[in-house]
Amino acid sequence: MEQVITAQNLCLFYGKHQALKNINITMPRNKIMAFVGPSGCGKSTFLRTLNRMNDLIEGVKITGQVNIAGQDIYAPRTDVVELRKKVGMVFQRPNPFQMSIYDNIAYGPRIHGETKKSVLDQLVEESLRGAALWDEVKDRLHSSALGMSGGQQQRLCIARLLAVKPDILLMDEPCSALDPISTMRVEELLGELKDKYTIIIVTHNMQQAARSSDYTAFFLLGEMVECRETNTMFTNPQDKRTEDYITGRFG
Amino acid sequence: MNTYNQARLKADRCVRGVFVLAACILTLIIVALLFFMSQQGLLTFKDVSVGEFFFSSVWNPDNNQFGALSFIIGSLAVTVLAIAIGGPLGVVGALFMAKLAPAWMRAILKPAVNLYMAIPSVVYGFVGLTVVVPWVRETFGVTGGFGIFTAASILAIMILPTVISIASDALGTVPAMLEEGSVALGATYWQTMWHIVLPTALPGIVTGIVLGMARAIGETMAVQMVIGNTPQLATSLFMPTSTLPSEIVVEMGNTPFGSTWGNSLFLMALVLLLLSLLMIVLVRYISSRKAVRV
């Protein structure tokens with residue numbers, strides 16, 4: 001199976017504090033991988049190294065390598081804009097811009113230079129359909145995105161991402177601010193999206209990881225403890241610490 | 001109901017009363033101000049026609065000619081030009097302070113900007129008189145160096161701290177998650193600032209500009225020292241003219257109260273008050289229309 005992301009000996013420091021310790025992991029194409037672990041274990045931090053969102057934070061130092069589609073993304077001449085187009089991200093809390101639904105989706109293509117209305121119209125429809133939102137909002141594309149429900153806003157953020165045609169979707173606890181029904185919607189959506197995209201999802205919710213992912217990686221105190229197929233992980237974990245965590249003995 | 005809760009509810013009503021009273025007093029002061037200025041100012045029209053006051057620029061009180069057009073134009077021109085220079089400069093400065101400057105620099109800049117707000121206007125006037133006036137004279141090859149351009153450039157600097165501190169506070173409250181959302185789509189930092197951060201902070205930025213504008217239109221001392229104080233209609237940015245507040249302060253001392261001349265100064269103050277209210281309402285209106293479209 002083709003491995004699309006490979007991290008080798010990845011370490012990350014916030015000033016003197018080491019948040020990631022020697023992460024080695026590979027992720028296959030067009031699968032869903034879940035990152036689980038207690039708060040502060042480094043799973044979100046690791047996710048953010050994959051599209052270099054940590055660049056925005058002062059005092060972050062990274063050693064080791066991350067290869068995405070054969071390219072070392074921390075090489076000095078990496079085009080970060082191109083990287084983030086290919087590796088999109090959905091955040092913990094829905095963060096639609098203060099614009100209409102249409103303009104939220106068109107924002108990405110527009111900043112990358114697309115100006116033709118017909119192209120934008122089509123992208124908006126495709127992306128909204130892709131995020132299973134089209135039928136709910138097609139009659140109010142030009143009203144404010146802030147008037148949508150939380151679940152709709154999160155799917156809008158996913159649609160906004162699809163519009164720039166990424167290969168990889170990073171999702172940082174995308175359902176933690178949503179109600180159970182909206183969560184279910186997003187999970188269904190994940191299943192549909194994995195045909196076209198490689199998805200990595202950080203979650204606190206063990207059931208969510210078990211339900212919706214193909215692979216699971218367990219993080220603890222900045223280390224990646226164990227990574228294997230989700231089924232095996234939940235039925236037959238190799239490491240004692242993983243077992244303790246998934247059976248609810250701590251965390 | 002127990003007595004303790006009753007006492008608390010009573011206290012609650014009292015506090016509410018205090019708030020309402022405070023609001024009433026504030027409103028009353030504004031209304032009284034407008035009433036007093038109008039009462040005294042409108043007496044002018046017993047002796048001077050409305051047309052002459054607003055549309056003539058001949059100001060010669062000894063000859064009973066009271067045309068205030070040149071002052072009105074002077075005030076408007078100085079304010080608009082000051083905002084045109086100082087507004088963008090202030091917003092860019094605020095953007096730097098709120099978003100680009102490293103933490104240690106922000107810690108120095110913030111109090112520095114506030115300090116700048118505490119400089120008395122007469123000091124700005126002196127700097128204008130001794131530095132800007134000669135600079136304008138030499139750079140633009142004009143005689144004198146007094147006039148609208150000089151006054152507006154002093155005012156542009158005077159309003160900067162107001163615009164910067166209010167706009168940078170507004171920019172600082174833009175949620176980081178909006179910036180992250182934009183950057184994660186592959187937007188550059190500048191695109192994110194321009195398309196996401198600035199529009200989100202727009203209401204606060206407009207407040208900063210409105211307050212700057214209010215300061216500019218009412219500024220008396222600094223303007224009076226560099227405008228030239230000549231009651232003539234400005235046909236260029238570099239000729240001496242006058243503004244409403246500077247003319248009032250120049251003439252107030254030697255004008256008998258209750259005379260047509262005195263009343264006309266009150267009328268000028270009233271016009272100034274209404275002009276600044278009008279400009280504020282206008283800016284708010286324009287920005288609210290823009291906000292809807294975004």
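Chain naming here is simple, since letters A, B, ... match the order of the sequence lines and numbering starts at 1 in each. Computation of the quantities below employed the complete heavy-atom set of this structure, encompassing side-chain atoms and omitting hydrogens, waters and symmetry-equivalent molecules. No experiment lies behind these values; they were computed from the predicted model shown.
Counting heavy-atom pairs under 4.5 Å between each of A:R52, A:K85, A:H112 and chain B puts A:H112 at the top. The most heavy-atom pairs under 4.5 Å with chain A, out of B:T200, B:L185, B:L178, come from B:L185. Heavy-atom pairs under 4.5 Å with chain A were tallied for B:H195, B:E179, B:Q191, B:E180; the largest tally goes to B:E180. Chain B forms more heavy-atom pairs under 4.5 Å with one residue of A:V80, A:N51, A:V81 than with any other, namely A:V81.
Under a 4.0 Å N-O distance rule, the pair A:D172/A:R93 does not qualify as a salt bridge. Ionic pairing of A:R155 and A:E136 is present here: one or more N-O contacts between side-chain nitrogen and carboxylate oxygen are shorter than 4.0 angstrom. The pair A:K86-A:E82 fails the salt-bridge criterion, with no side-chain N (NZ, NE, NH1 or NH2) lying under 4.0 Å from an Asp/Glu carboxylate O.
At a 4.5 Å heavy-atom cutoff, A:R110 makes no contact with chain B through either its backbone or its side chain. In this structure, no portion of A:P109 lies under 4.5 Å from any heavy atom of chain B. Of the two parts of A:L56, only the side chain, counted from C-beta on, holds a non-hydrogen atom closer than 4.5 Å to a non-hydrogen atom of chain B. Looking at A:P166, neither its backbone nor its side chain comes within 4.5 Å of chain B, counting heavy atoms on both sides.
Side-chain contact annotation: A:T78 with A:Q71, donor-acceptor N/O pair under 3.5 Å absent.
By the 6.0 Å and 45° rule, A:K61 stacks over the aromatic ring of A:F13. Relative to the ring axis of A:Y197, A:R29 does not place its NZ or CZ within 45° and under 6.0 Å from the centre.
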